[in-house]
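Note sheet for the following structure.
Side chains included, hydrogens not; waters and symmetry mates left out as well; all remaining heavy atoms used. Sequence lines set the chain letters: A, B, ... in the order given, protein chains first and strands last, and positions in each chain run from 1. This one's a predicted model, so the numbers in the text were calculated from it and none came from an experiment.
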Number of protein chains: 2
Amino acid sequence: MEKRATIKDVAQAAGVGVATVSRVLSGGSASPSTRERVLAVAAQLDYRPSALGRNLRQRRTGGMGLLVPDLTDSFFGRLAEGVLACARSAGEPVVVGSTGDDPEQESELIGMLLEQSVDRVIAVPSGDADAWRPAIRAGMTVIFADRLPAVPQDPAAASGFGDLMLLDGLAAAAPPPARALDAPAVLADDRAGIRTAVRYLSGLGHRRIAFLGGPGHDRRVAAFREAVGEPMDEELIVFATGSRDSAYAAASGLFQSRPDLSAVLAGGNMLGEAAVLAARELDLRVPQDVSLVMYDDVPWAELCSPPLTVIAQPGRDIGYRAAELVLRAGSRRPRTVVLPTELIVRGSCGPRR
Amino acid sequence: MEKRATIKDVAQAAGVGVATVSRVLSGGSASPSTRERVLAVAAQLDYRPSALGRNLRQRRTGGMGLLVPDLTDSFFGRLAEGVLACARSAGEPVVVGSTGDDPEQESELIGMLLEQSVDRVIAVPSGDADAWRPAIRAGMTVIFADRLPAVPQDPAAASGFGDLMLLDGLAAAAPPPARALDAPAVLADDRAGIRTAVRYLSGLGHRRIAFLGGPGHDRRVAAFREAVGEPMDEELIVFATGSRDSAYAAASGLFQSRPDLSAVLAGGNMLGEAAVLAARELDLRVPQDVSLVMYDDVPWAELCSPPLTVIAQPGRDIGYRAAELVLRAGSRRPRTVVLPTELIVRGSCGPRR
DNA sequence: CTTCTCCATGGAAACGATTCCATCATAGTT
DNA sequence: AACTATGATGGAATCGTTTCCATGGAGAAG
């Protein structure tokens with residue numbers, strides 16, 4: 001195990017100073033003859049500059065961080081692939097963390113990135129906007145992907161009655177009000193996607209459409225509410241946590257408590273999977289007994305029987321664009337990007353029975 | 001954007017030398033009173049040691065690298081989740097790269113890791129053993145997961161005649177012969193898994209069983225050959241590259257060229273997906289016309305119709321164990337670990353028609 | 001009381017790059 | 001010929017840590 005050549009070795013072998021080597025290698029000015037000699041020696045010694053030295057001097061780690069809830073979820077897998085593809089073509093390393101949709105783990109991972117001086121991060125956030133504020137204040141360039149961080153729970157709003165009074169009383173002198181974070185993001189056009197799906201189902205005659213949501217689906221739920229309009233039957237909106245079990249339980253519970261519903265819109269591929277499973281378990285036929293639309297297209301949607309009608313979102317592109325943005329950041333502050341979705345009609349929806 | 005406190009700030013504020021702070025923080029010896037004071041000051045200043053400084057001094061980056069062919073493949077997603085879970089609990093960063101099953105990209109990524117002084121790597125290798133030798137010689141601890149690197153193509157074997165002469169002439173002074181790499185690995189018990197599947201299919205009366213392989217499935221193919229025994233009908237073994245299209249083409253081609261086959265063993269989940277699709281396209285009913293076993297269990301296997309009979313392999317565990325090994329390496333050289341597989345019978349196999 | 005040992009402690013030297021700044025040579029201008 | 005502008009060059013400082021080593025003081029053993 002031979003040790004690597006350092007810039008000093010190159011300088012010595014080429015008979016120049018280290019400063020010159022550094023300049024040649026990073027495109028500074030140097031006479032053609034020196035340049036040539038240095039490059040030759042560097043190649044000959046198989047010299048590769050150590051990122052360690054450079055990083056320390058520049059007080060920042062190259063590359064970027066990527067935080068996703070769960071790489072097992074095929075959507076995040078595609079997103080990550082997009083990020084990695086972009087990073088690879090730029091020769092930059094990517095530090096990946098999986099948060100499990102748990103704000104606490106997310107915080108720890110943010111801390112880890114801070115410690116590593118990773119100052120560019122792409123995140124599918126699980127925590128509050130407040131969880132991200134410290135990172136941004138520390139100088140991190142953060143680009144959110146797929147979702148935006150929730151606007152922080154106002155402690156007053158959380159716990160009922162007396163708090164309303166409190167809120168009233170303190171309205172003027174209140175501490176910094178819960179507010180959204182303004183940070184660039186790359187998102188799918190959830191609003192349009194959901195609306196398209198709801199319109200499609202309505203067009204088939206469905207009146208009782210349920211929404212199966214998961215963590216981070218706030219914008220989708222909001223879009224669903226908007227698309228369905230008043231009066232909203234609140235029981236038709238149910239939530240699961242990130243796990244498969246929870247998704248199944250939510251779906252199964254929904255079908256059992258509301259036998260009158262005729263269509264379900266699943267907010268993500270795991271929810272869709274759970275819905276198919278639960279329906280099958282309860283002997284509900286798709287689409288005769290219940291119609292199903294899944295948000296997010298996955299390869300197996302076609303293999304399912306019936307093949308699932310879905311709203312496709314460009315997961316890979318989301319990642320790729322986010323990586324581009326975070327790499328180009330610094331020149332000018334990147335602005336939020338919204339990518340289109342597409343309704344793909346297969347076989348899981350039918351007219352209201 | 002305020003800048004972070006350094007160890008010097010802490011030392012000054014605590015009225016001690018930097019060496020003492022360093023010792024306190026990394027568990028060296030110090031008097032209880034100093035220790036307490038330093039810790040208090042550090043907490044108060046919200047001091048976090050910079051990984052940059054430490055890494056440079058120790059000439060190595062903490063954490064580990066992870067190289068997989070494709071995060072979009074649910075198996076590698078699970079494997080990555082396992083690695084990340086273990087790393088997270090150790091507080092270590094993971095640099096992830098996706099090779100696309102391309103040896104060239106893999107080499108570039110290895111180079112990137114070398115440049116970053118990442119000296120511990122978990123890899124699902126795509127390239128030769130030769131591609132990995134330099135990294136190992138440079139002092140990297142490499143643990144292979146899921147597969148072993150192929151034993152290098154002997155250049156003489158590759159290109160015919162003239163080379164034989166060359167080989168003859170140089171036989172004595174020849175460069176080190178192509179040989180396998182001896183490096184620890186964490187693998188699924190492919191041999192047992194494949195054998196179980198083949199026996200299961202044989203037991204159902206199948207005599208013409210085909211194998212659909214992908215990149216890195218060498219060990220599975222070998223196991224298949226062994227399990228089927230002589231005489232082997234070579235046409236029944238077909239290969240695809242990593243892409244979905246290629247997998248579909250291979251499956252479709254197989255079904256069309258050999259209408260006499262009665263069972264297919266798909267070497268990975270993408271191959272299985274392709275087989276289902278191709279069969280459906282050609283109006284072959286599963287399992288009446290053709291039986292199908294897929295290597296690797298995925299959530300959608302149950303949603304398929306019929307639900308797929310699979311050989312499950314513990315993807316997440318493979319990743320987790322590999323990460324454990326690579327973290328514990330250094331004490332003693334880790335040895336290869338083989339994890340069990342399990343045949344899960346669902347509905348995609350039937351008696352020979 | 002002396003000597004020896006043991007620990008806590010802080011100064012300073014790494015680690016490997018980038019970059020500021022001073023120096024020097026050469027060419028161009030008056 | 002004298003002076004200036006320009007560009008190449010190398011020395012040295014710097015980044016934030018860890019770690020080696022010397023120092024000094026306290027306690028134990030003689």
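- Rounded to an integer number of Å, the gap from CG of A:Leu52 to P of C:dG16 is 9 Å.
- Taking the side chain of A:Thr34 as heavy atoms from C-beta on, and the options D:dG16, D:dG11, D:dA8, the nearest nucleotide is D:dA8.
- Here A:Thr6 does not reach the OP1 or OP2 of C:dG16: none of its side-chain N or O atoms lies under 4.0 Å away.
- In this structure, A:Gln116 atom CD and D:dG16 atom P are separated by 16 Å, rounded to whole Å.
- A heavy-atom distance below 4.5 Å is not found between the side chains of B:Arg133 and B:Ile136.
- Closest contact between the side chain of A:Arg59 and the listed nucleotides C:dG11, C:dA17, D:dG16 involves D:dG16.
- Among the protein residues, A:Gly53 comes within range of the nucleic acid bases, having at least one heavy atom under 4.0 Å from a base atom.
- Rounded to whole Å, the distance from CD on A:Gln58 to P on D:dC15 is 14 Å.
- Each of D:dT17, D:dC21, C:dA17 was ranked by its minimum atom distance to the side chain of A:Arg54; first place goes to C:dA17.
- The minimum heavy-atom distance between B:Ile110 and B:Met140, with the atom names listed, is O-CE, 4.3 Å.
- Take the nearest nucleotide of DNA chain D for B:Val21 and for A:Arg37: the residue whose nucleotide is more 5' is A:Arg37.
- When heavy atoms are screened at a 4.0 angstrom cut-off, B:Ala19 is found touching base atoms of the nucleic acid.
- For B:Glu115, the CD atom sits in a packed shell: over 12 heavy atoms of surrounding residues, nucleotides or ligands are nearer than 6.0 Å.
- The CG atom of A:Leu45 sits 15 Å away from the C1' atom of C:dG16 (whole-angstrom rounding).
- In this structure, A:Lys8 places its NZ atom 9 Å from C1' of C:dC15, rounding to the nearest Å.
- Counting all heavy atoms, side chain and backbone alike, A:Val18 lies closest to A:Lys8 at CG1-CA, 3.9 Å.
- Comparing D:dT17, D:dG10, D:dC15 by their nearest atom to the side chain of A:Arg57 picks out D:dC15.
- Spacing between atom CZ of B:Arg23 and atom C1' of C:dT9 amounts to 6 Å, rounded to whole angstrom units.
- Closest to the A:Leu56 side chain, of the nucleotides C:dG16, D:dT18, C:dT9, is C:dG16.
- Regarding contacts with the backbone of C:dG10, a side-chain N or O of B:Thr20 is found under 4.0 angstrom from either OP1 or OP2.
- For the pair B:Ile7 CD1 and C:dG11 P, the interatomic distance rounds to 13 Å; values are reported in whole Å.
- With hydrogens and angles ignored, the 3.5 Å screen pairs a side-chain donor or acceptor of A:Thr336 with a backbone N or O of A:Ala185.
- Listed nucleotides: D:dG10, C:dT9, D:dT9. Nearest to the side chain of A:Ser31: D:dT9.
- In this structure, B:Glu115 atom CD and C:dG16 atom P are separated by 15 Å, rounded to whole Å.
- For B:Ser29, a side-chain nitrogen or oxygen approaches OP1 or OP2 of C:dA8 to under 4.0 Å.
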